[in-house]
Amino acid sequence: MSALEKAFTSKPGKAIAAKAGLKDPPRLRRGRTWPEGAIVLAEIGDGSLARRTLTLLGRSVESPVVDDGGEPTPGYGARIGALVVDVTGLTTIPQLEELRAVLRPAVKGIERAGRIVIVAHPSAGDWEQRSVARALDGINRTIGKELRGGATTTLLHVAQEATPGDLVSTLGFVLQGRSAFVDGQAWTVAAAEQPAETLQERPLEDRVVVVTGAARGIGAAIARTLARDGARIVAVDIPPAGEALAQVANEVGGTALQLDITAADAGAAIAAHVARSGRPLYAVVHNAGITRDKMLANTDASRWASVLDVNLAAQMRINEVLLDPATEGGLADGGRLVGIASTSGLAGNKGQTNYAASKAGVAGLVEAMAPDLAERSVTVNAVAPGFIETEMTGRIPFVQREIFRRSNSLSQGGRPEDVAETIGYLLDPRSQGVTGQVIRVCGQNLVGA
Amino acid sequence: MSHNAVVIGGNRIPFAKAGGPYAEASNHDLLTAALDGLVARFGLAGTRVGEVAGGAVLKHPKDFNLTREVVLSSALSPATPACDLQQACGTGLETTIYIANKIALGQIDVGISAGVDSASDAPITVSDGLKRALLRANRARSAAERAKALAGIRPRHLAPQAPGVAEPRTGLSMGEHQALTTERWGIGRTEQDELAAASHHHLAAAWDDGFFDDLVTPYLGVAKDAILRPDTSVEKLAKLKPAFGGPQGTMTAGNSTALSDGAATALLASEEWARENGMPVLARFVDAEVAAVDHPGGDDLLLGPVAATGRLLARQGLTPNDFALIEIHEAFASTVLATLKAWEDEDYCRGLGLDGAIGTLDRARLNVAGSSLAAGHPFAATGARIFPTLAKLLHERGPGSKGLISMCAAGGQGVVAILEAV
Ligand SMILES: NC(=O)c1ccc[n+]([C@@H]2O[C@H](COP(=O)([O-])OP(=O)(O)OC[C@H]3O[C@@H](n4cnc5c(N)ncnc54)[C@H](O)[C@@H]3O)[C@@H](O)[C@H]2O)c1
């Protein structure tokens, strides 16, 4: 800890910081926990998907308080845990008023780390309908910035044909503590073939999952979280990181594979390792990544090449090998691929042209692959972490780190497990309808889309 | 006796010079690290393994149950039994033979062999004089008697004693013994330096190829064998002063092994267990033999493996040409060279009770991934280093490829074993 950091975290330091408007950040709710207060369901139009999904999740719901213009503004007695608004039947601008009328009492009465979830259909239809769909996006992002106490908001675009079975893993994830650091985001859930089942305690039971860069940081958290969910982890990292890698592998009861993912035969080495186990390969989480930051004016070819190779080209090469049906130990049909993008890639970040290129490239890659692999029921997604507290970000100078931390709606850095939980959600067999998505785990970082 | 004992793989930590990066680590620490790396590689966390056999040459009295204590510190199931064995520098090979035999006999399905030594953490004991004085003081019935006993302690008694490096029956160190052998067999300086340089170059090439990526796990920030000098050469080695054999001696620090710290492990199982559990099967353990020479009577201390090799090859009906690869532990470069000369020596071999010379080795098959001169030689670990290394090399050459391991050990002993790729 630097002298400045010590002063800042001391009692008098904290008092001064509080005066300056720097309060202790809110405590987030994490893990497989539900909101404490009631889950309130509001339906605008005649949609019932959210109601049926909540029934499948085994959650009872209460009716909303509606702001009908009366005085004083009506409120909730006890704090509510979540508001789920089903707007699948919302098609006109005047109907947006109905949304305001349920949102207003809810944002006032929501508990700490509560949830607002808007369930909509993807943008389609006439001019007004598509304009309204986009309006929802603006509403969602703004609520995220206004909510306090660690509460978050999410907009889900759910396909017309989707069933409660399609939405169950998503709505469960968003309401539970697993989505703690996902705020102000929107993504799409398509219809897929899957049984209507509620959330499973160990959705990945006995499934083989490869995690690259698993020796430390976010990768180690991914290994732990997915193992908690039942996965058999193949933990991959470069040979020099082998000692920490072995510890992670032993802790999660998996296997360690010392491998540089940029090696020409990396895909084959992973496949051979999996093939021996005699179990199909269910998922690959391409987490390994590096930074070689410099302003573009000082970025030479080697800084450029190494970052693009590790962060983007290597996973593309590995995917190609693992997706070849001739590869023994390759990815099974119905499998999962996840890449790690970054808010730096989506929004751009000074001094990181190479990194931004690679991370935006990951987003492009999953969007491109998803439709092509739909036939094999393989889903391909990315998560884009914002500021996550790891060894890597711990080396950023204190003042800068404190600024990064607070530059989001939750006023804090995320934890590696927050990224891991989001990946666990994408890997859930019930998340079959979630593909080609890039989900930011950034506490609604102020920069970027 | 109907089970095929096979080698699944191995794991060791990088070896390092005594007093180097592992100076603060104990045998227990080193072996736990090597074992945990093996457990991680093969996904054995929480698994009850049939038995773990390990050992160390330099051992503290408190480490009487070293391997069992290491198992308890490791990620293996605490229900895994373990034993300690010791056969000087042959320990790591002897523990492997012990495990392979138990598997072959059907007594266990899967086992781990291991060896470790820390020359940094060698057990320092008190002198006999100090020990006697302390015992007398302990038995004393009055303060005066106790004071008298303690007064018997002399400054020279207080000097700590490092473990003996000399052969108890000859008083000669291993290097001094080998200097006699070097002289007797007419081994020249240049051929010793050539062998040493080749060892470094072979080991360096194997590291560059990533050969050790699935045989070694880093420890305490050391990711590669720390004794290895990739850029050494015969010319550089030629500049070193003799270390043994007097001013005219040919043995130097460059063509003798360095005092080292390290640990190694190997995973063995019945072929059925390996296949059922989705494990790689590299090679089959074929046979082994131990032998000893009468070094107090004047025999070459480190040529024990010659008789063992001769008897083993005769029993198996094999000649050196039948082996794709041969690993001869490089205690000293001249040990390897004298061993090969002895193999070719009709009279010497007959003198050992063999039917004739063992034969000539094609040197291109010798220690192709480097050996102890370059890697280092933490005594008991070396056999457990060589075994999985050779198994992997043979496996790469294809099924049926045979390999021989020959290890010399203190006390005039030799341990040899045969592997065959599956
Ligand atoms: N920490 C953050 O705030 C943050 C933000 C956005 C994105 N990310 C991304 O999340 C991922 C993990 O980040 P982290 O903070 O845990 O980083 P980290 O540096 O702590 O861990 C990355 C791991 O990847 C491994 N790795 C690097 N190159 C490799 C290669 N060629 N082959 C195999 N393994 C290799 C490293 O050895 C290391 O163990 C990275 O892709 C990173 O870009 C992190």
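Lettering of chains follows the sequences in order, A, B, ..., and the numbering in each one begins at 1.
- Your options are A:P239, A:A275, A:S277, and the one with the most heavy-atom pairs under 4.5 Å with chain B is A:P239.
- For the atom pair A:E243 CD and B:D36 CG, the distance stands at 9.5 Å (nearest 0.5 Å).
- For B:R48, the CZ atom sits in a loose shell: 12 or fewer heavy atoms of surrounding residues, nucleotides or ligands are nearer than 6.0 Å.
- Distance CG/B:N11 to CD/A:Q258: 7.0 Å, rounded to 0.5 Å.
- Looking at B:F42, only its backbone comes within 4.5 Å of chain A, counting heavy atoms on both sides.
- Ranked by heavy-atom pairs under 4.5 Å with chain A, the list B:A223, B:P218, B:A75, B:G278 is led by B:P218.
- Proximity to chain A is limited to the backbone of B:V216, based on heavy atoms less than 4.5 angstrom apart.
- When atom types are taken as modelled, the side chain of A:N250 and the backbone of B:A45 share no donor-acceptor pair closer than 3.5 angstrom.
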